[in-house]
Amino acid sequence: MTAYGLSQFNNEQASSSSDDQDAQRHQRQAQDAFIRKQIKAEMDAWLKGQQIHLVPEMDDRLLQQLQAGETPDASVWEALQHAAPTIQRAQTAQTTEARQIDEYTALLDVLHAQIHSTHSGAHGK
């Protein structure tokens with residue numbers, strides 16, 4: 001093979017190799033796009049199933065973290081907790097229960113004071 005033929009052969013091999021690399025890169029990009037789309041679909045389905053409606057920036061942040069294979073950070077967890085109806089109901093129930101305990105404690109204090117004053121009055125007579 002002449003020097004020109006060898007050079008032409010090397011150029012063809014390099015071009016073929018470059019085409020293979022481009023095809024592999026495009027295939028990886030397509031796979032990555034498919035995976036990101038699947039993660040988004042699963043995230044959206046889960047949020048919908050939980051009746052959670054995040055503000056758009058938290059929705060985007062959660063998606064980015066999931067797509068990167070990361071655990072959602074504290075701000076995303078906090079947004080999820082505040083947006084979750086189940087958690088909201090639990091927090092409301094906890095607040096209501098705390099208020100009821102305060103009311104019952106005040107009532108018991110009043111009753112105790114009345115019993116004590118009645119009891120003291122009976123001994124004083």
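The figures here come from the full heavy-atom set of this structure, side chains too, leaving out hydrogens, waters and symmetry mates. Keep in mind that this is a model prediction, so the values were computed, not measured.
Put simply, CZ on R99 and CD on Q94 are 13.0 Å apart, with the number rounded to the nearest 0.5 Å. To the nearest 0.5 Å, atoms CD (Q65) and CG (D60) are separated by 11.0 Å. Put simply, CD1 on I52 and NE2 on H82 are 12.5 Å apart, with the number rounded to the nearest 0.5 Å. The line from OG1 of T96 to CD of E103 is 9.5 Å long, rounded to the nearest 0.5 Å. Summarising the geometry, atom CD belonging to Q27 is positioned 5.0 Å from atom CD belonging to Q31; distances are rounded to the nearest 0.5 Å. Within the model, atoms CZ of R36 and CD of Q29 stand 8.5 Å from one another, a figure rounded to the nearest 0.5 Å.
Other residues, nucleotides and ligands place more than 12 heavy atoms under 6.0 Å from the NE2 atom of H26. The neighbour count for E97 CD, taken as heavy atoms of other residues, nucleotides or ligands under 6.0 Å away, does not exceed 12.
Here the side chains of D109 and H112 are not in contact, with every heavy-atom distance at 4.5 Å or above. Between L80 and W77 the shortest side-chain heavy-atom distance falls below 4.5 Å.
A donor-acceptor pair under 3.5 Å is absent between the side-chain atoms of Q67 and the main chain of I39, judged by distance alone.
Shortest non-hydrogen contact noted between M58 and A79 is CG-CB, 3.6 Å. For the pair D73 and R61, the tightest heavy-atom approach, listed with the atom from each and the gap, is OD2-NH2, 2.8 Å.
The existence of a salt bridge linking R28 and D32 is excluded, since no basic side-chain nitrogen approaches an acidic carboxylate oxygen closer than 4.0 Å.
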Exercise. side-chain contact (heavy atoms from CB on, under 4.5 Å) between M43 and D59: does it pass, once the steps are laid out?
Worked result: CA-CA 9 Å; M43 181 190 85; D59 189 72; 3.4 Å; yes
